[in-house]
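Please read the structure below before turning to the comments.
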There are 2 protein chains.
Amino acid sequence: MASILLVEDETAIREMVAMALERAGYRVRHAESAEDADAAIRLSQPDLILLDWMLPGESGIDFARRLKRERVTREIPVILLTARGEEADRIRGLDAGADDYVPKPFSPRELVARVKAVLRRVQPTAGEAPVEMRGLMLDPVSHRVSGDGRKVEMGPTEFRLLHFFMTHPDRVFNRAQLLDNVWGANVYVEERTVDVHVRRLRKALAPTGHDDLLQTVRGAGYRFSID
Amino acid sequence: MASILLVEDETAIREMVAMALERAGYRVRHAESAEDADAAIRLSQPDLILLDWMLPGESGIDFARRLKRERVTREIPVILLTARGEEADRIRGLDAGADDYVPKPFSPRELVARVKAVLRRVQPTAGEAPVEMRGLMLDPVSHRVSGDGRKVEMGPTEFRLLHFFMTHPDRVFNRAQLLDNVWGANVYVEERTVDVHVRRLRKALAPTGHDDLLQTVRGAGYRFSID
DNA sequence: CGGTACTGTGACAATCCCGTAACGCCCCGG
DNA sequence: CCGGGGCGTTACGGGATTGTCACAGTACCG
């Protein structure tokens, strides 16, 4: 299921929203400031960002604008949360690159509905769509992988690893990032374990010759190449 | 390696934890009460604080709350150690501003793993926008360099060096500044080492003719020219 | 036009990092 | 209860990377 980054400094609201989203089946991380959020985005590549307008330090709207400008969130949609209800603010928010705008007070139900709507709009078949690269195909629904038509067998962890790589192509991830994204945020595992699963994944991909897509970047981590 | 402040009044636990952390390569200081810890923090600026819930005098959780409120530890993560295992306590602990929570009894291995996880979550992983100059392009996200479309290969240090130069163009840096910014603050290496890596970087850039962008300023250092 | 301080260059040993194989553990199904 | 598959950890070895040095080359001074 999609993972959502909630950027909100007020604990009460944060917990209410987090609970509602988690009940709806989303994975939720949170940050309390723009700086926190920066780090969290780099670490976990959320599918959607819920952003409070009023934040300590850099304001939500400035942050949204900066994200769009830096193209960090090329494909990550942003929803603004705010107590300000004016038409003018709404426009400012959308201008800044937000994909939607939810005025406080809002009901958890309404928020979840908007999140769903935005995810549906932005990623038509959120997360569950098959991915294909250079003849290597992965289908999350049937949980199958094939290379040039031939079946490819692998374990569950390798499957999740490959899925993550294929949905974030051509980016280097260090071992800690992979652990967070594929194993889960609060799981405590040695970093070298990543190497072993990369190796197992490569071995699984070798028969169809797709193993060279998964590249080592010395001193940095691994990358699923698109070239 | 990171330095850790361990606040724990029971000698047996303290020694076990300290040994485990030191074996994992961390520098460990310890304090036996909140007052001790106050002094130690001001003195040594640890990267992480391990805090026992039950302490003589001010309790660990009060101390954690005070630290966060006084913003002494705005960016120093805190892990609470405690015998109390209730869910309610856990929430109280995280509410007080702790970054993680380890219930006793715990294995040294688990503790070390949690310390690692918190540190890697908190310490920022820099990833940024691509930079381009006169056909030379560097993308920190995919960790790739290309000159006029052709791939350019180099080692990790050369990559960091080039990234630094490209994000600070047309400025002269002496060798000490480059060591600080590219190698890291308190690393001792010979200044002439910079020369060698500049040379290696030039060699890597030579095939596409971009090596002349990296200029020597005699008696001052090096500069990445924009002209 | 020397001389001198500074920089470029190639080689080398130490170290680091990664690929690989092997091991033990846990969970499940038979 | 046993067997097997998946998983995380560890040890080892080889190759890439790194820091240092010695020497060659070069700019700048008087």
Side-chain angles (χ1 to χ4, degrees), chain A residues 143 145 152-164 172-180 182-184 186-206 211-224, chain B residues 1 20 23-25 107-114 116-117 143 145 152-164 172-180 182-184 186-206 211-225:
Chain A
H143 224 265
V145 181
V152 176
E153 303 287 350
M154 64 184 67
T157 306
E158 284 72 40
F159 183 85
R160 292 201 311 277
L161 185 60
L162 178 60
H163 188 203
F164 178 75
V172 171
F173 296 96
N174 62 37
R175 292 167 176 76
Q177 291 173 318
L178 291 171
L179 284 177
D180 276 345
V182 177
W183 275 255
N186 317 355
V187 78
Y188 308 103
V189 170
E190 290 296 321
E191 296 204 337
R192 290 299 313 271
T193 296
V194 173
D195 298 26
V196 178
H197 284 275
V198 163
R199 144 105 172 126
R200 289 169 181 162
L201 179 51
R202 279 180 179 149
K203 199 185 265 186
L205 295 176
D211 54 327
D212 58 347
L213 290 179
L214 184 42
Q215 304 173 336
T216 303
V217 182
R218 216 154 216 281
Y222 295 97
R223 170 182 58 202
F224 194 79
Chain B
M1 188 42 120
R23 187 150 28 182
S107 72
R109 171 189 297 272
E110 179 188 0
L111 186 72
V112 169
R114 296 229 187 191
K116 271 191 201 165
H143 224 271
V145 181
V152 177
E153 304 285 351
M154 64 184 68
T157 306
E158 283 70 56
F159 184 86
R160 293 199 310 275
L161 186 60
L162 178 60
H163 188 205
F164 178 75
V172 176
F173 295 96
N174 63 38
R175 292 169 176 76
Q177 290 173 315
L178 290 170
L179 284 177
D180 270 357
V182 177
W183 274 254
N186 24 8
V187 193
Y188 177 67
V189 287
E190 292 294 321
E191 294 206 336
R192 290 299 314 271
T193 296
V194 173
D195 297 28
V196 178
H197 283 276
V198 164
R199 144 101 173 129
R200 287 169 182 162
L201 179 51
R202 280 180 178 149
K203 198 185 270 186
L205 295 176
D211 54 328
D212 59 347
L213 290 178
L214 185 42
Q215 304 171 338
T216 303
V217 182
R218 207 180 163 76
Y222 295 96
R223 171 182 58 203
F224 193 79
S225 168

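Throughout, protein chains are lettered first and strands after them, A, B, ... in sequence-line order, and every chain is numbered starting at 1.
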**OP:** Indicate, with yes or no, if the rings of A/F173 and A/F164 have centres closer together than 6.0 Å.
**Re:** yes
Which nucleotide in the set [options] lies at the smallest distance from any side-chain heavy atom of [X]?
{"X": "A/R192", "options": "D/dG19, C/dC18, C/dA22", "answer": "C/dC18"}
{"X": "B/H197", "options": "D/dG19, C/dG8, C/dA5", "answer": "D/dG19"}
{"X": "B/R218", "options": "D/dT9, C/dT7, C/dC18", "answer": "C/dT7"}
{"X": "B/V196", "options": "D/dC7, D/dT20, D/dT17", "answer": "D/dT20"}

Original post:
Any side-chain heavy-atom pair from B/L201 and B/F159 closer than 4.5 angstrom?
Top reply: no
**OP:** Using a 4.5 Å cut-off on heavy atoms from C-beta on, say whether the side chain of B/Y222 contacts that of B/V194.
**Re:** yes
Original post:
Touch check for A/E153, heavy atoms < 4.0 angstrom, all strands: base, sugar-phosphate only, or nothing?
Top reply: nothing
Would you mind reading off the distance between [X] atom [atom1] and [N] atom [atom2], rounded to a whole angstrom?
{"X": "B/D195", "N": "C/dT9", "atom1": "CG", "atom2": "P", "value": "11 Å"}
{"X": "A/R175", "N": "C/dC17", "atom1": "CZ", "atom2": "P", "value": "9 Å"}
{"X": "A/E190", "N": "C/dC18", "atom1": "CD", "atom2": "P", "value": "15 Å"}
{"X": "B/F159", "N": "D/dT18", "atom1": "CZ", "atom2": "P", "value": "13 Å"}

Original post:
OP1 or OP2 of D/dG8 sitting under 4.0 Å from any side-chain N/O of A/W183?
Top reply: yes
**OP:** Let me know which of A/L213, A/D212, A/D211 forms a side-chain contact (heavy atoms from CB on, under 4.5 Å) with A/R202.
**Re:** A/D211
